[in-house]
Amino acid sequence: MRYETLEFKKYDEVMYRYEHSSGLNCIVIPKKGYYKKHATFSTHYGSVDNKFIIPGDSEPTKVPDGIAHFLEHKLFEQKDGSVMDKFAALGSRPNAFTSFTQTVYLFSCTDLFKENFELLLNFVQNPYITEESVEREKGIIGQEINMYRDDPGWRVTFNLLDAFYKKHPVKKDIAGSIESIANITRDTLYKCYETFYHPSNMVITVVGDVDREEVFEQVERNIEAGESHGEIKRIYPEEGNELHKAYVEQNMPVPTPLFYMGFKDGNYKLEGPEIIKYELAVKLLISMMIGRSSELYGELYDKGLINSSFESDFTIENSYAYSMLGGESVNPRAVQESLVREIKKLRNDGLKPETFDRLLKASKGRFLRQMNSVESIARSFINLYFKGVTLFDYLDVYDKMNFDYITEVFDKHFDIDRMALSVVKGMDKQQLS
């Protein structure tokens, strides 16, 4: 069996890649001596993929919001019983999740890896969906939608996305709405499955102390042979760089207001390592301005305007990009105004190279530490794989990151005209009654 070996001697890491005749890639990242083994079977299909052209078709297909998440739920039901029960009988810990851009099925185990891996390969490839089970699932997912609708942390997040985007489906709940899932049918689920669960749109990752050739042989035996069915054309609405809204506020029963602020970024049309280079640069800049070791963070913390819940992130995909910063605050507007002042100050005075150097080293250290966790390796690998890069490309990006590039990204991303604020604040007595 032929497979590719990629060595990263500088970091004492190696990766093996096998391509099945169907176009499916299987990746093995060995971790000799680790007791835990982790495997994922992932498809490049998430909640934003609600309009697309199926390979061979000429007209677009539009499906209800939430269908990718709905399909994830349905795959765990098989004709002969629950897949979760089968994994439990094998002593493993299974799970699955749907994000904006991918759906991932996974398990971790210490023993019986081959049996668990066989189960993973088989159930993901064999959906069993009936009209009755679809109607039953609508009630279950409807409860989930209502639960998240009442979750302040969930609402403050999606309210910010709504502030960023007028049309893009990233602003919509991953599970959809009660109204949208009502339109999901068995036939539509199978159409989405056949489109997005073709092996050529998927990847398998295995991390742990495993025999790579045995893993590849299992894939060869269990994945149906065939050729790639062509590129799926994903259709997203065109949006300019301007905000949909600058401010969103919602009242919910919270003891302390929650907030997220951030910047809508139009610089997402990047490819390969440039994607993760830009991502790393924005994250470093956020740390430089308002990270835990920054002067601004200390000032806001001492004034009681933020607390340990404060966090930040940056997301970049092939049709959108944005940053988010927030947590709890008695005065979210004051936090936003402080960050705006800091950005203006840095535009005048310039960024500090020594701060950049220190935070770059710290970030790289955290990245290398995650290489000690099989789950972290697999999760990071999948997030990057569908962007056309690998986990190990990130290491090269760290080595090539420089201060001039950081300054360039600072001018691009932190545009105050594209800054929005989302707040969830407490309800007064009249609203609570």
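All values below were derived from every heavy atom in this structure, side-chain atoms included, with hydrogens, water molecules and symmetry-related copies excluded. Start at 1 with the first residue, then count along the sequence.
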inquiry  = What verdict does the salt bridge (Lys or Arg N to Asp or Glu O under 4.0 Å) test give for K114 and E214, after you've listed the backbone C-alpha separation in whole Å, the side-chain angles of each residue and the deciding distance to 0.1 Å?
reply    = CA-CA 9 Å; K114 292 180 183 178; E214 289 182 356; 3.2 Å; yes

key: SB check E239 K166 (cutoff 4.0 Å)   = no

key: Working for side chain to side chain donor-acceptor pair (under 3.5 Å), residues Q125 and Y193   = CA-CA 9 Å; Q125 290 186 93; Y193 179 87; over 6 Å; no

Without placing hydrogens or testing angles, list every side-chain donor-acceptor pair under 3.5 Å for residues 138-151, not counting sequence neighbours.
{"unit_1": "K138", "atom_1": "NZ", "unit_2": "E135", "atom_2": "OE2", "d": "3.0"}
{"unit_1": "K138", "atom_1": "NZ", "unit_2": "A182", "atom_2": "O", "d": "3.0"}
{"unit_1": "K138", "atom_1": "NZ", "unit_2": "I184", "atom_2": "O", "d": "3.0"}
{"unit_1": "E144", "atom_1": "OE2", "unit_2": "H69", "atom_2": "NE2", "d": "3.1"}
{"unit_1": "N146", "atom_1": "OD1", "unit_2": "R149", "atom_2": "NH1", "d": "3.4"}
{"unit_1": "N146", "atom_1": "OD1", "unit_2": "R149", "atom_2": "NH2", "d": "3.1"}
{"unit_1": "N146", "atom_1": "ND2", "unit_2": "G142", "atom_2": "O", "d": "3.3"}
{"unit_1": "D151", "atom_1": "OD1", "unit_2": "G153", "atom_2": "N", "d": "2.8"}
{"unit_1": "D151", "atom_1": "OD1", "unit_2": "W154", "atom_2": "N", "d": "3.0"}

message = Between Y18 and E213, do the side chains contain a donor N or O and an acceptor N or O under 3.5 Å apart?
response = no

key: T390 side chain vs F392 backbone, donor-acceptor pair below 3.5 Å   = yes

request  = For the pair Y398 and F367, evaluate ring pair (Phe, Tyr, Trp, His ring centres under 6.0 Å) and give the outcome as yes or no after the intermediate values.
outcome  = CA-CA 10 Å; Y398 270 108; F367 183 86; 5.7 Å; yes

query = Should E132 and R136 count as an ion pair when the cut-off is N to O under 4.0 Å?
reply = no

Side chains of F259 and V424 in contact at under 4.5 Å (non-hydrogen atoms) = no

inquiry  = Using a 3.5 Å distance criterion without hydrogens, assess whether the side chain of K74 forms a donor-acceptor pair with backbone atoms of R186.
reply    = no

message = How long is the straight-line distance from CG of D49 back to CZ of R234, given to the nearest 0.5 Å?
response = 4.5 Å

query = Taking the inter-plane angle between the rings of H168 and Y320 on a 0 to 90° scale, is it parallel (under 30°), tilted (30 to 60°) or perpendicular (over 60°)?
reply = perpendicular

Full working for ring pair (Phe, Tyr, Trp, His ring centres under 6.0 Å) between H20 and F216 = CA-CA 9 Å; H20 188 264; F216 296 151; over 10 Å; no

query = Is the backbone of L24 close enough, under 3.5 Å, to the side chain of S200 for a donor and an acceptor to pair up by distance?
reply = no

ask   = Side chains of Q370 and I377: does their closest heavy-atom pair fall under 4.5 Å?
value = no

request  = Assess the pair F263 and F414: is the distance between their ring centroids shorter than 6.0 Å?
outcome  = yes

T43 side chain to T103 side chain, donor-acceptor N/O pair below 3.5 angstrom = no

task = Report yes or no: does E279 contribute a side-chain atom to a donor-acceptor pair with the main-chain N or O of I275 at less than 3.5 Å?
result = no

ask   = Is it true that a side-chain atom of N122 and a backbone atom of E118 form a donor plus acceptor pair closer than 3.5 Å?
value = yes

ask   = Between R212 and E217, does at least one N-O distance fall below 4.0 Å, as a salt bridge requires?
value = no

Residues V48, Y236; criterion side-chain contact (heavy atoms from CB on, under 4.5 Å); working and verdict = CA-CA 8 Å; V48 300; Y236 306 114; 3.9 Å; yes

Chi angles and distances behind the side chain to side chain donor-acceptor pair (under 3.5 Å) call for N25, R17 = CA-CA 7 Å; N25 277 305; R17 184 180 74 88; 2.6 Å; yes

task = Answer yes or no on whether K277 is positioned over the face of Y405, meaning its NZ or CZ is under 6.0 Å from the six-membered ring centre and within 45° of the axis.
result = yes

L360 side, atom CG; I406 side, atom CD1 - distance, nearest 0.5 Å = 7.5 Å

request  = Enter the distance from L90:CG to D85:CG here, rounded to the nearest 0.5 Å.
outcome  = 11.0 Å

query = salt bridge (Lys or Arg N to Asp or Glu O under 4.0 Å) with E375: which residues, sequence neighbours excluded?
reply = K36

request  = Report yes if some heavy atom in the side chain of L161 is under 4.5 Å from a heavy atom in the side chain of F100; otherwise report no.
outcome  = yes

ask   = Between N159 and R155, is there a donor-acceptor pair closer than 3.5 Å when you use the side chain of the first and the backbone of the second?
value = yes

message = Between R292 (side chain only) and S308 (backbone N and O only), is there a donor and an acceptor less than 3.5 Å apart?
response = yes

query = For E131, does the CD atom have more than 12 heavy-atom neighbours from other residues, nucleotides or ligands under 6.0 Å away?
reply = yes

query = Is a salt bridge present between D209 and K37, judged by a nitrogen-to-oxygen distance below 4.0 Å?
reply = no

ask   = Would a line drawn from the ring center of F123 to the ring center of F76 be shorter than 6.0 Å?
value = yes

Steps toward ring pair (Phe, Tyr, Trp, His ring centres under 6.0 Å) verdict (F196, Y45) = CA-CA 6 Å; F196 291 101; Y45 176 44; 4.0 Å; yes

note = Taken to the nearest 0.5 Å, the spacing of I129 CD1 from Q78 CD works out to 9.5 Å

inquiry  = For K9, give me all partners under salt bridge (Lys or Arg N to Asp or Glu O under 4.0 Å), at least two apart in sequence or on another chain.
reply    = none

inquiry  = Using modelled atom types and a 3.5 Å cut-off, is there a donor and acceptor pairing between side-chain atoms of K412 and backbone atoms of N267?
reply    = no

message = Are the side chains of T157 and Y260 in contact, using a 4.5 Å heavy-atom criterion?
response = yes

key: Aromatic ring proximity, centroids under 6.0 angstrom, H44 and Y385   = no

query = Among Y197, F70, F52, which one satisfies side chain to side chain contact (heavy atoms under 4.5 Å, CB included) with C192?
reply = F52

message = Quick one, E311 and L325 - any side-chain contact, counting heavy atoms below 4.5 Å?
response = no

request  = Inspect the contact between K283 and D313 and indicate whether a charged nitrogen and a carboxylate oxygen are less than 4.0 angstrom apart.
outcome  = yes

query = Got a donor-acceptor contact below 3.5 angstrom from the S329 side chain to the I306 backbone?
reply = no

key: Atom CG of D12 with >12 non-hydrogen neighbours under 6.0 angstrom   = no

Side chain to side chain donor-acceptor pair (under 3.5 Å) between T256 and E328, worked out = CA-CA 6 Å; T256 305; E328 296 177 342; 4.8 Å; no

query = Do V219 and F117 touch side chain to side chain, with heavy atoms closer than 4.5 Å?
reply = yes

inquiry  = Could you tell me if R333 sits above the aromatic ring of Y247, with its cationic atom closer than 6.0 Å to the ring centre and no more than 45 degrees from the axis?
reply    = yes

note = Separation between CG (D65) and NZ (K62), nearest 0.5 Å, reads 5.0 Å

message = Side chains of I235 and I53, heavy atoms from C-beta outward: is any pair under 4.5 Å?
response = yes

key: Heavy-atom side-chain proximity of D265 to I316 below 4.5 angstrom   = no

Sub-6.0 Å ring centroid separation between Y165 and H244 = no

request  = For S422 and V156, indicate whether the former's side chain and the latter's backbone hold a donor-acceptor pair under 3.5 Å.
outcome  = yes

task = Mind checking the CZ-CD spacing from F97 to E72? Nearest 0.5 Å is all I need.
result = 9.0 Å

